[in-house]
Amino acid sequence: MVKASIGAGLIGLALLALHFVEGNLSLLLPLAVLGLSLALYLSRDIPKFLKVFIGVLTAVEAILVALSLADAAGTVPEFLTAYVPPASMPVGATIFAFVIYCVSRIPVIRTIMRIADRYFTSNAPAEIKIPLIGTVRASEGAIGTALLVFLILINLGQVALNVRLNFFGRDMFNALQDKDAGAFWYQLFGVFVPLAAVFVTVAMVEIVSQYVLRIRWREFLNRLYVHEWLSDGTHYRMQLIGREADNPDQRIAEDLRSYIDQTYTLSMGLMNQSATLVSFIAILWSLSAGFTLPGSDVPVPGLLVWVCIAYALLGTWLTHVIGRPLIALYFQQERVEADYRFSLARLREYTEQVALLGGEAAEEEALNNRFARIVQNFMQIVRRVMRLQIFQSTYFQANVVVPYILTAPYYFIGKITLGQMQQTVGAFSSVQGALDFFITSYSTIANYKAVVDRLTTFEAAVETVHRSDAANRVQLAPSSNADLNVSGLQVALPDGRVLMRADGVAFRQGETTLLTGPSGSGKSTLFRAISGIWPFGAGQIQVPESQTMMLLPQRPYIPQGSLREAVTYPGTHGEYDDVKIAEALRAAKLPALADRLDEERAWSQTLSLGEQQRLAIARALLAKPDWLFLDEATAALDEPTEAEIYEVIRDKLPEATVVSIGHRSTLAAFHDRRIDMKKMDDGLYAPVEKRQPEPAA
């Protein structure tokens, strides 16, 4: 940006000198280039997404200046001189560059652009197939930037085509007024048809290009957000700390898609309408240069421009006043919709428990109450949108006749021709449409703001988890010692209250240990701290280096998909062959499932809790961890089956160190050592060694 700024400044100074030497070069050109130089310098640290727009504007302004210089030198063919852009158009490009810079300083825009720049500044390697060129390899950010530049140029080209069609309308209506059949048919088939063909082709290319950009953009951010949500147990800790980030699944699946679609639509729309505004204001200014105030002889340069601006500003202000509450309403609507979907999904997951308790009536009432909140908020949106729509419909209906009302008096007194009147009406409508961008897009902007708020609160929740982990976390330290040692440990709840403490406790390799104690004493929380997913507390847990751990909870997670995927979870596809998977199922006392690996069902609902626990044991038999922690992982089994499972673990995993949590007295027979959680004098629970009874002689 700095080098481009210096180059533009030098060119601007050269043009300024040329203006004073030659005298036939408009002063607007050097001023526009010098202004652009300043805009480029100021924009050196703005977000990458906005830099792309300023960069394209710089290239476009260079072309416009070159055309103006060629016109001043008399090198433009006579039949093209009418289409040389006026000197005001480079000024318009410079003004738009300053507008982009000013917009970039707004905090909410910087927040929006920070999300966008995560894609456009990415250095991740990628490739794209381009027709007639082939496969191109570059960073994902570079590919996205190139697509964005291409789409900006297409949109600017469409504006140029609209400008040319405005002149076509003037010439065609003048031919009609003069009854010049030859000129009329030439304008229709020699001008309009080629322009229409180009317009259609460009539109098709734009559609394909923008869809490619959107899906690549979404794919990248989706991967990024999913990784940040799942990495290091962040998804689990977000729930523990109670950070305001409801329904993260919706924020990743829906809000990201809406953000990308609306960011593209609004940014391109704003640029397109700004370019339209600059182009047609110049036309409208020249057409209304001789207009006077109605009912007087007082000339007002660019009268229609000022009327158009005042009319649009009034409409914009009224739109904002009427539609402002929609931002909060759209945000709330997303929340209540997501809560309702989550409730339905949760009911589907626990259908058996609901049926056993006869809870259908309670569930129906709860679902109806949640849906009532959807209806209530939706009706508030309807009432507000209805008011906004009444105003907008009235406003846009008036737009149809206002330019005719303003230009008809000048046509009837012979000051303008029919073609000029049509051109003026077309230019007025284009300027009006550009100025009305905020009005027509208000509902979209309101919804967009709600989407951005949901994404930023999600990111803030992730960041809060990371800060919390760094400030207050149980430390897991790799150790060359073969045993697992706990020193100075205090396990706390998310609100900071200490639940239990442990110091000098060791779980020795090869020695099976049973951990017992009353409910709520911190047994499961201790296991989670050892596994690294419970951050709250202080102290250190020394974990044997290069040894693997696996924790099986009382209710295992069964993913959607085939039985094979359920058994091998969290292993990757193809990590285990079918023979080993079937052997593990048979060893875990699930022989009936061994031949159903390809069957896809809702296994979490199909299998009983006891079968699910045995399926989790099969996972452990496949994974062969060095340390296996069983958190009441066999509590749903009858005692004989539980005994068989422990024998299988001992037989199939002879090198694994097993540590169990359980309440049954029969579990003691399967363990070499027992530790009880006892409440100490300070009110905290602590693990205390309990001597196993000597076996009978």
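Quick caveat, the model's predicted, so the values are computed rather than measured. Just so it is clear, the values below take in all heavy atoms, side chains as well, and ignore hydrogens, waters and symmetry mates.
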Are any of the side-chain heavy atoms of [X] and [Y] separated by less than 4.5 Å?
| X | Y | answer |
| --- | --- | --- |
| Ile128 | Ile130 | yes |
| Val543 | Met549 | yes |
| Leu50 | Tyr101 | no |
| Phe150 | Leu213 | no |
| Ile100 | Lys51 | no |
| Tyr259 | Arg218 | no |
| Gln332 | Val336 | yes |
| Val52 | Phe120 | no |

Over 12 non-hydrogen atoms of neighbours within 6.0 angstrom of OH in Tyr264:
yes

State whether Glu254 and Arg454 are salt-bridged, where the test is any N-O pair (Lys NZ or Arg NE/NH1/NH2 against Asp/Glu carboxylate O) under 4.0 Å.
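Arg454 and Glu254: not salt-bridged.
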
May I ask you to decide whether Asp261 forms a salt bridge with Arg257, counting only side-chain N to carboxylate O separations under 4.0 Å?
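Between Arg257 and Asp261 there is a salt bridge, with a charged N closer than 4.0 Å to a carboxylate O.
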
Under 3.5 Å, side chain of Ser37 to main-chain N/O of Ser5, donor-acceptor pair present?
yes

Can you tell me if Thr94 uses its side chain to pair, donor with acceptor, with the backbone of Ala32 under 3.5 Å?
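Present.
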
Can a side-chain donor-acceptor contact be found between [Y] and [X] if the only test is distance below 3.5 angstrom?
| X | Y | value |
| --- | --- | --- |
| Arg214 | Thr265 | yes |
| Asn377 | Gln333 | yes |
| Ser258 | Tyr448 | no |

Answer yes or no on whether Arg216 is positioned over the face of Phe220, meaning its NZ or CZ is under 6.0 Å from the six-membered ring centre and within 45° of the axis.
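No, a cation-pi geometry is absent between Arg216 and Phe220.
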
Shortest non-hydrogen pair, Pro478 vs Leu476, comes out as CD-O, 3.8 Å

What pair of heavy atoms forms the shortest contact from Leu34 to Gly9, and how long is it?
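Minimum heavy-atom contact is CD2-O, 3.6 Å.
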
Would the Tyr119 and Phe49 ring centres measure less than 6.0 Å apart?
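That pair fails the under 6.0 Å test.
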
Evaluate salt bridge (charged side-chain N to carboxylate O under 4.0 Å, His left out) for Arg118 paired with Glu459, printing each intermediate quantity in order.
CA-CA 12 Å; Arg118 301 188 78 177; Glu459 289 189 340; 3.1 Å; yes

